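Single-structure report; data block below.
Remember, it's a predicted structure, so these values are computed and weren't measured experimentally. Note on naming: letters A, B, ... go to the chains in the order of the sequence lines (proteins, then strands), and numbering restarts at 1 for each one.
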2 protein chains.
Amino acid sequence: MMTFPEQFERFARIHLPANLSDAAILRFQALGRAAAVGREEALALNLHADHLVFVCSGATKLVAHASDRRDQVVGFHFPDELVVVPARAEHSYTLEAVRPSELLVFDYRDFTELARSDPAVLRSLLECARGSLSRSREKSLALGRKTATERLAGFLVAMAVRIGSMRDGTLSIDLPMSRRDIADSLGLTIETVSRQFSVLRELGLLETTGKAGVRIPDLRALEARAGYLTEAA
Amino acid sequence: MMTFPEQFERFARIHLPANLSDAAILRFQALGRAAAVGREEALALNLHADHLVFVCSGATKLVAHASDRRDQVVGFHFPDELVVVPARAEHSYTLEAVRPSELLVFDYRDFTELARSDPAVLRSLLECARGSLSRSREKSLALGRKTATERLAGFLVAMAVRIGSMRDGTLSIDLPMSRRDIADSLGLTIETVSRQFSVLRELGLLETTGKAGVRIPDLRALEARAGYLTEAA
DNA sequence: GAAGGTCCTTGATCGAAATCAATGCGCCGC
DNA sequence: GCGGCGCATTGATTTCGATCAAGGACCTTC
């Protein structure tokens, strides 16, 4: 459990320019607030404003809500990442904890107003937005044109890159999210996700240990199963 | 047909700050090139670099390509809009003309390098990225969790807002894109798109004239059919 | 370490959209 | 005005993933 100044210091180190004056840093700090969010809880936000949220610890999902509790996980966000949580428009969005998480919350408008003449901060925000846009476009392709197996394979490749680690010589992931979260992210049902885990397991592309553990013996092979473009095409 | 300086002037008026010095404007101008792209042609780009493209005239689609010619239209872009076209990664992207289009092309890296200390230009880029991210997230929700009818209704609402106009008292759209483009944007087939047009027509939510003309007598009703959140929820 | 609950897996059936297959319409040149 | 062609519509059938329905595994709690 971090104190607010510790959290902010971490945020500043990653997302604010190194040469910022102490006074300027304090002005940004004054705009932030800390929030601890328990598992499966949503971060409480003013629905009518955009927010900028820094993930200090845990793991989170950004969820878009349509009518009839049909939810779509629009993205997962892990420690040290910055997320833009949009205000309610055609649909509403919530940032929810997949694991107990410590978050740093800013009003988007206040933050950009303070950063309006600081190129380094603006560049940092732009990079954050570009990363999210790029992942979101990849997701559109997956949701629009890929089969269930390809979607799960692509998801696992992306997770391996973002939160995977080497364990006794094999690329491994400890998935923080439930099958429901994965299903809501891939536009599938939990049953279909479960079946695709079985398919990939039978193809020898992965091994599972318990609910959360996944070992990937051959990342390239899994990428191929995800329908990624090869050198040739 | 615009000359390159005319095109650039238009771009500068919309996306560059008004108080930029003439010298600075010329430096940006030196980075751009004009490109005319015919119907269904792709803009020729260096595949290994990101680009920034300004649409001067016409209508364009940003297409993500997976294996087996399964294409996903990731977004449509109309005159005065700025598009980020990503370099090839897991998938490749092309910007293609839906109608003959005049485009202004920049290398993304060069452009941001020149803008690196100019907050106003950076803010303009950030706003562009945020707009695209927001539309992309809405698309993820539609592709992941909505029915064919809801997707088409949502698409038509969005087009009405972006390129619709009032004609003899009724909100009307002259769709620049084919059924195939719409299908590739909504993650459906052309046959299904066609059937959903019939469904919405039979529901009295729209009238069609020829292939491209759409009249929307009641936008609110169409929005409701798109599964948008209502005030209550 | 047994009990209980939650989450996950597997199986059987159903349904929305894809695919396959004609047919129709609008738009072009002639 | 009349073909002809490309695009769009409509119909018949198939398919992949959703839904419905049991089991089974893992983790917590006592």
Quick one: does any side-chain atom of [X] pair with a main-chain N or O of [Y] as donor and acceptor, under 3.5 Å?
{"X": "Asp181(A)", "Y": "Ser178(A)", "value": "yes"}
{"X": "Arg137(B)", "Y": "Pro86(A)", "value": "no"}
{"X": "Arg151(B)", "Y": "Leu143(B)", "value": "yes"}
{"X": "Arg145(A)", "Y": "Asp71(B)", "value": "yes"}

TODO: Could you pick out which residue, Ala148(B) or Thr208(A), lies toward the 5' side of DNA chain C when each is mapped onto its nearest nucleotide?
DONE: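 Mapping each residue to its closest nucleotide by heavy atoms, the 5'-most match is Thr208(A).
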Task: 5′-ward residue of the pair Ile190(A)/Arg145(A) relative to DNA chain C - done: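 Nearest-nucleotide comparison on DNA chain C picks Ile190(A).
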Round to a whole Å and report the spacing from [atom1] of [X] to [atom2] of [N].
{"X": "Leu186(B)", "N": "dA16(C)", "atom1": "CG", "atom2": "P", "answer": "19 Å"}
{"X": "Asp184(B)", "N": "dA8(D)", "atom1": "CG", "atom2": "C1'", "answer": "15 Å"}
{"X": "Ile182(A)", "N": "dT9(C)", "atom1": "CD1", "atom2": "P", "answer": "9 Å"}
{"X": "Phe197(B)", "N": "dC7(D)", "atom1": "CZ", "atom2": "P", "answer": "16 Å"}
{"X": "Lys211(B)", "N": "dC25(C)", "atom1": "NZ", "atom2": "P", "answer": "12 Å"}
{"X": "Leu188(A)", "N": "dC8(C)", "atom1": "CG", "atom2": "C1'", "answer": "16 Å"}
{"X": "Leu152(A)", "N": "dT9(C)", "atom1": "CG", "atom2": "C1'", "answer": "14 Å"}
{"X": "Arg70(A)", "N": "dG17(D)", "atom1": "CZ", "atom2": "P", "answer": "19 Å"}

So does [X] get a side-chain nitrogen or oxygen closer than 4.0 Å to the phosphate oxygens (OP1/OP2) of [N]?
{"X": "Arg179(B)", "N": "dT9(D)", "answer": "yes"}
{"X": "Thr192(B)", "N": "dA18(C)", "answer": "yes"}
{"X": "Thr189(B)", "N": "dA18(C)", "answer": "yes"}
{"X": "Ser198(B)", "N": "dT10(D)", "answer": "yes"}

Task: Base dT19(D) paired with Arg195(A) side chain (donor-acceptor, <3.5 Å) - done: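 Pair found.
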Task: Pair of N/O donor and acceptor under 3.5 Å linking dC8(C) base with Glu191(A) side chain - done: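 Under the 3.5 Å cut-off, the side chain and the base do not form any donor-acceptor pair.
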Task: Residue Thr147(A), side-chain atoms from C-beta onward, closest of dA17(C), dG17(D), dA8(D) - done: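 Closest nucleotide among those given: dG17(D).
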Open item on the list: Need the bend value for the helix from dT9(C)-dA22(D) to dC30(C)-dG1(D): angle between end axes, 5 pairs each end, nearest 10°.
Closed with: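 If I round to tens, the end axes sit 50° apart.
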Open item on the list: Determine whether the aromatic ring centres of residues Phe111(B) and Tyr108(B) are separated by less than 6.0 angstrom.
Closed with: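 Centroid distance Tyr108(B)-Phe111(B): not below 6.0 Å, so no.
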- [ ] Determine the contact category for Gly213(A): base if any of its heavy atoms lies under 4.0 Å from a base atom, sugar-phosphate if only primed atoms, P, OP1 or OP2 are that close, otherwise nothing.
- [x]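 Here Gly213(A) touches no strand at all.
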TODO: Mind running side-chain hydrogen bond (donor to acceptor under 3.5 Å, both in side chains) on Arg215(B) and Thr209(B) for me, showing each step along the way?
DONE: CA-CA 8 Å; Arg215(B) 288 158 53 90; Thr209(B) 57; over 6 Å; no
Task: Sidechain N-carboxylate O distance under 4.0 Å for Arg130(B), Asp50(A) - done: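 Counted as a salt bridge, because a side-chain N and a carboxylate O are separated by less than 4.0 Å.
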- [ ] Any chance you could measure Thr149(B), atom OG1, to Gln196(B), atom CD, to the nearest 0.5 Å?
- [x]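 Between atom OG1 of Thr149(B) and atom CD of Gln196(B) there are 3.5 Å.
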